[in-house]
Amino acid sequence: MEQLSALDASFLAVEDSVTHMHIGVAGIFEGPTPAYEELRGMVAGKLARLPRYRQVVRFVPLGLARPLWVDDRHFNLDYHVRRTALPAPGGEGGLRRLVARVMSQQLDRAKPLWEMWMVEGLDEGRWALISKFHHCMVDGVAGSDLLSVLLDQQRSPRAPAADHWTPEASPEGVELVVRAVAMGLQSPSEAARALPAPAQMLRAGEQAARGLLLLGNVIRPSPSCSLNGPVGPHRRWSWARAQLSEVKAVRAALGGTVNDVVLACIAGGFRELLISRGEPVDRVVRTLVPVSVRSPGEYGIYNNRVSAIFAELPVGIEDPIVRLGAVRAQMAELKDSHEAVAGEVLTSLTWFAPPLLLALAERLATRLPQHSVNTVTTNVPGPQQPLYAAGRRMLECFPYVPLGGHVRVGVAIFSYDGACAFGVTGDYDAAPDIDVLCAGIERSLAELVELARPARRRGGARRKRAAAA
């Protein structure tokens, strides 16, 4: 039995009938489609390494303490591993619509907070696997690590060891309240014992103070546009494709980081989306960018260790190279501003907040994006080697990001085995045209790749002259 961290619990606190806080991926696999029993056996063999997959959230009466993870005495794997099929001809458009419908449904809080859907009937002899898990379980980085554990790293892995899992008894009634409150009282003292040396604390405090000053700018309203407004419970979902080698070639020729290039392409996509809607682009699109604050020793731990920065996508800049330069300069400035450090400090302070107050504060926070944030953009590095399910290689993997507050469109980026995949989530009624954004992302990258070629040739010539000299 464990207590959810304040950040993990916040993803449950903000959830309501239209804000569904689960994340996920859709992987496309080579054929033939495995038998259901074969896939189920693969998942069953991994459960010993994934304790959260057999645990449920127990809420404490009156919100007196943060919820607890307890073993599910009625765990049934068949409920979570599901099977469905696409109608003929089984095109990718049908798969995208299916993912949108699956992701539009809330997870049942009375059961472990995950589902896996095996999808048969994809064209070209392929099949798909939709993985869906609540954000209170993992952040994007931990979710990527979880995917590597859930799938196999070899086509023919060793047979798993025997699993003799027996659920632990969970407390009830007054005992539940007492134990949860006691665990919550330990958290501040544990945090205090883990405090760094005074000099480190002072330096971190200075960085956080500077970051907090800049974080205050987020409350400043951004120009209104159709990207914000009321959302419903239903979603649309689409994707854009890229090769990581292309992104890295642009970075090498034109400067910046992989993330800079990706954000510049997304800015180009939003520019095309707004133009198609007949809206002005002499503005910026403000985006929340989650940032992992996970230390090297925390990998393999399934929870949330994430902060955020707030970037402004320069959709008003038509020239792709100038747009990339603007993103590059801004991201360098944000990195120096320590916004993410400030966000982490605020998150860590919630260890001391009364749980009921924390829940109310989180619900209030979801209302801020209506005025201050236009979209969310999350970039998660994934495994760069092939993964397998039931002996079949995963060919592609596309991410899903939830929508919250009054944000109607969100973008997730996931790199896998040399590919860079963009998953775009939109509100079903307010964003029926997210394919325009996806096409714009692909077109923006193609433009940068073409413009990067002369720069690479010039760079190569300079290196040859230098070597000859």
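Taking the six-membered ring for Trp and the full ring otherwise, the centers of Tyr53 and Trp114 sit less than 6.0 Å from each other.
Inter-residue side-chain proximity for Phe422 and Val262 is flagged as met; some heavy-atom pair is nearer than 4.5 Å. A heavy-atom distance below 4.5 Å is found between the side chains of Tyr400 and Trp237. Residues Val380 and Ile413 form no side-chain contact, since every pair of their non-hydrogen atoms from C-beta on lies 4.5 Å or further apart. In this structure, Val407 and Val231 have side chains that are not in contact, with every pair of non-hydrogen atoms separated by 4.5 Å or more. Residues Ile28 and Met394 form no side-chain contact, since every pair of their non-hydrogen atoms from C-beta on lies 4.5 Å or further apart. At least one side-chain heavy atom of Pro34 sits less than 4.5 Å from a side-chain heavy atom of Met118. Contact annotation: the side chain of Leu47 approaches that of Leu77 to within less than 4.5 Å [non-hydrogen atoms, C-beta and beyond]. Looking at heavy atoms from C-beta onward, Leu387 lies out of side-chain contact with Asp152 at the 4.5 angstrom threshold.
The structure places CD1 of Ile23 at 9.0 Å from CE of Met137, a figure rounded to the nearest 0.5 Å. In this structure, OG1 on Thr257 lies 8.0 Å from CZ on Arg251, to the nearest 0.5 angstrom. From Phe414, atom CZ reaches atom OG1 of Thr378 across 11.0 Å, with rounding to the nearest 0.5 Å. For the atom pair CD1 (Ile130) and OG1 (Thr84), the distance works out to 8.0 Å, reported to the nearest 0.5 Å. The structure places OG1 of Thr287 at 7.5 Å from CD1 of Ile266, a figure rounded to the nearest 0.5 Å. One finds the CD atom of Glu37 at 14.0 Å from the CE atom of Met42 (value rounded to the nearest 0.5 Å).
Looking at Gln106, its side chain never comes within 3.5 Å of a backbone N or O of His20 through a donor-acceptor pair. Remark: the backbone N or O of Gly232 is paired with a side-chain donor or acceptor of Asp427 at under 3.5 angstrom. Between the side chain of Ser131 and the main chain of Met116, no donor-acceptor pair closer than 3.5 Å is present. At distances below 3.5 Å, at least one donor-acceptor pair connects side-chain atoms of Arg126 with backbone N or O atoms of Asp123. Judged by distance alone, with hydrogens and angles left aside, the side-chain atoms of Arg408 form a donor-acceptor pair with the main-chain N or O of Ser226 at under 3.5 Å. Listed for the Asp433 side chain is no donor-acceptor partner under 3.5 Å among the backbone atoms of Val436. Here the side chain of Asn374 pairs a donor or acceptor atom with the backbone of Arg286 at under 3.5 angstrom. Between the side chain of Lys248 and the main chain of Val258, no donor-acceptor pair closer than 3.5 Å is present. Counting only distance, with no hydrogens or angles, the side chain of Thr377 and the backbone of Val411 share no donor-acceptor pair below 3.5 Å. In this structure, the side chain of Arg40 does not engage the main chain of Glu38 through any donor-acceptor pair within 3.5 Å.
In this structure, Ala311 and Val289 approach most closely via the heavy-atom pair CB-CG2, 4.2 Å. The minimum heavy-atom distance between Leu313 and Ala267, with the atom names listed, is CB-CB, 3.9 Å. Ala421 and Phe398 make their closest contact through CB-CD2, 3.5 Å (heavy atoms, listed as atom of the first residue, atom of the second, distance).
A salt bridge is absent between Arg66 and Glu2; no separation between the charged side-chain nitrogens and carboxylate oxygens falls under 4.0 Å.
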Assess the residue pair Leu4 and Leu68 against the criterion (side-chain contact (heavy atoms from CB on, under 4.5 Å)); give the C-alpha distance rounded to whole Å, side-chain angles, the decisive distance to 0.1 Å, and a yes or no. CA-CA 6 Å; Leu4 276 72; Leu68 302 174; 5.7 Å; no

Check the pair Glu120 / Arg83 against salt bridge (Lys or Arg N to Asp or Glu O under 4.0 Å), numbers first and verdict last. CA-CA 8 Å; Glu120 302 179 46; Arg83 180 182 183 182; 2.5 Å; yes

Step by step, work out the side-chain contact (heavy atoms from CB on, under 4.5 Å) result for Phe29 and Leu151. CA-CA 12 Å; Phe29 290 79; Leu151 300 181; 4.2 Å; yes

ring-ring contact (aromatic ring centres under 6.0 Å, His included) evaluation trace for Phe75 with His80: CA-CA 9 Å; Phe75 177 74; His80 298 275; 5.5 Å; yes

Tell me, with the steps shown, if Val57 and Leu12 meet side-chain contact (heavy atoms from CB on, under 4.5 Å). CA-CA 10 Å; Val57 174; Leu12 289 167; 3.9 Å; yes

In sequence, state the C-alpha distance, the side-chain angles, and the governing distance for Trp127 and Arg392, and then conclude on side-chain contact (heavy atoms from CB on, under 4.5 Å). CA-CA 10 Å; Trp127 60 285; Arg392 282 78 166 171; 3.8 Å; yes

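For Arg58 and Trp69, the positive end is not near the middle of the six-membered ring at less than 6.0 Å and at most 45° from its axis. Cation-pi geometry between Arg82 and Tyr79 is satisfied (NZ or CZ under 6.0 Å from the ring centre, within 45° of the ring normal). Annotation: cation-pi geometry not satisfied between Arg235 and Tyr428 (NZ/CZ under 6.0 angstrom from ring centroid, within 45° of ring axis).
Environment of CZ in Arg109: crowded, with over 12 heavy atoms of neighbouring residues, nucleotides or ligands closer than 6.0 Å. Other residues, nucleotides and ligands place no more than 12 heavy atoms under 6.0 Å from the CD atom of Glu168.
Within the structure, the side-chain hydrogen bond (donor to acceptor under 3.5 Å, both in side chains) test picks out the following pairs touching residues 416-426 (sequence neighbours left out): Arg393-Asp417.
For the side-chain hydrogen bond (donor to acceptor under 3.5 Å, both in side chains) with His134, the lone residue among Glu115, His22, Arg52, Glu15 that qualifies is Glu15.
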